[in-house]
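Working notes, structure below.
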Amino acid sequence: MLMPKKTKWRKTQKRRRGGKASQRLALSFGDYGLKSLEAHWLSSKQIEAARKVLTKYIAKGGKVWIRIFPDKSVTVKGGEIPMGKGKGAVDHYVAVVKPGMVMFEMAGIPEPTAREAMKMAAYKLPVKCKYIKK
């Protein structure tokens, strides 16, 4: 699972999910990409599921770049616990994704294969996505 080795603070604040992306807007490494169309939090499990689909499709040819990283901690308090007593323990990490952000890139495979791979990876994500190419 993806998670940071070390963080400045153990528990982060939630913040708001809205707004458009100001970085990671264009393809930087690969020829094909998967761009987000809405704001969402992607957990490390969801990113890993999409990565597995993409690596299966490249079949020892080509390369995959993951442009997002889950560095925001999400805390959860157990069920049936009374109010108060502080914030819950860190449960998992998420990546903050905004509209227009490129999440995954691929190169070194034919365009129809890349399009199909990106489509299958988009099924694994809880955010609406768009296939893009250079």
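What you see is a predicted model, and the numbers here were worked out from it, not measured in a lab. Position 1 is the first residue of the sequence; numbering continues from there.
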Rounding to 0.5 Å, atoms CG (L54) and OH (Y32) come to a distance of 13.5 Å
With sequence neighbours left out, the residues meeting side chain to side chain donor-acceptor pair (under 3.5 Å) with T55 are none
Name every donor-acceptor pair, under 3.5 Å, that has one atom in a side chain of residues 59-67 and the other anywhere in the protein, sequence neighbours excluded.
unit_1, atom_1, unit_2, atom_2, d
R67, NH1, A26, O, 3.4
R67, NH1, E105, OE2, 2.3

message = Within the supplied structure, the quantity of interest is the number of heavy atoms (other residues, nucleotides, ligands) at a distance under 6.0 Å from K134 NZ; does it exceed 12?
response = yes
Applying side chain to side chain contact (heavy atoms under 4.5 Å, CB included) to R16 and not counting sequence neighbours gives none
Problem - Transitive ILVMFWY side-chain link M118 to I68, under 4.5 Å - result: yes
For M83, the hydrophobic cluster (side chain heavy atoms closer than 4.5 Å, chained through members) also holds none
Practice problem: Assess whether atom NZ of K130 is packed by more than 12 heavy atoms of other residues, nucleotides or ligands within 6.0 Å. | Solution: no
ring-ring contact (aromatic ring centres under 6.0 Å, His included) filter on F69, not counting sequence neighbours, yields none
When rounded to the nearest 0.5 Å, the distance separating CD of Q13 from NZ of K72 is 8.5 Å
So the salt bridge (Lys or Arg N to Asp or Glu O under 4.0 Å) pairs with at least one residue in residues 106-127 (sequence neighbours excluded) are E111-R115, E116-K119
For P82, the side chain to side chain contact (heavy atoms under 4.5 Å, CB included) test, sequence neighbours excluded, returns none
Under 3.5 Å, sequence neighbours excluded: what are the donor-acceptor pairs made by side chains of residues 92-104?
none

Enumerate, atom names and distances included, each donor-acceptor pair closer than 3.5 Å involving a side-chain atom of residues 34-45, sequence neighbours excluded.
unit_1, atom_1, unit_2, atom_2, d
K35, NZ, L25, O, 3.1
S36, OG, E38, N, 3.3
S36, OG, E38, O, 2.7
E38, OE2, K128, N, 3.2
S43, OG, Q46, N, 3.3

Students should find that the hydrophobic cluster of Y57, defined by side-chain heavy atoms under 4.5 Å apart, otherwise consists of V53, M120, Y123
Rounding to 0.5 Å, atoms CD1 (I47) and CG (L125) come to a distance of 8.0 Å
Residue set satisfying side chain to side chain contact (heavy atoms under 4.5 Å, CB included) with K11, at least two apart, ordered chain then number -> T75, K87, V90
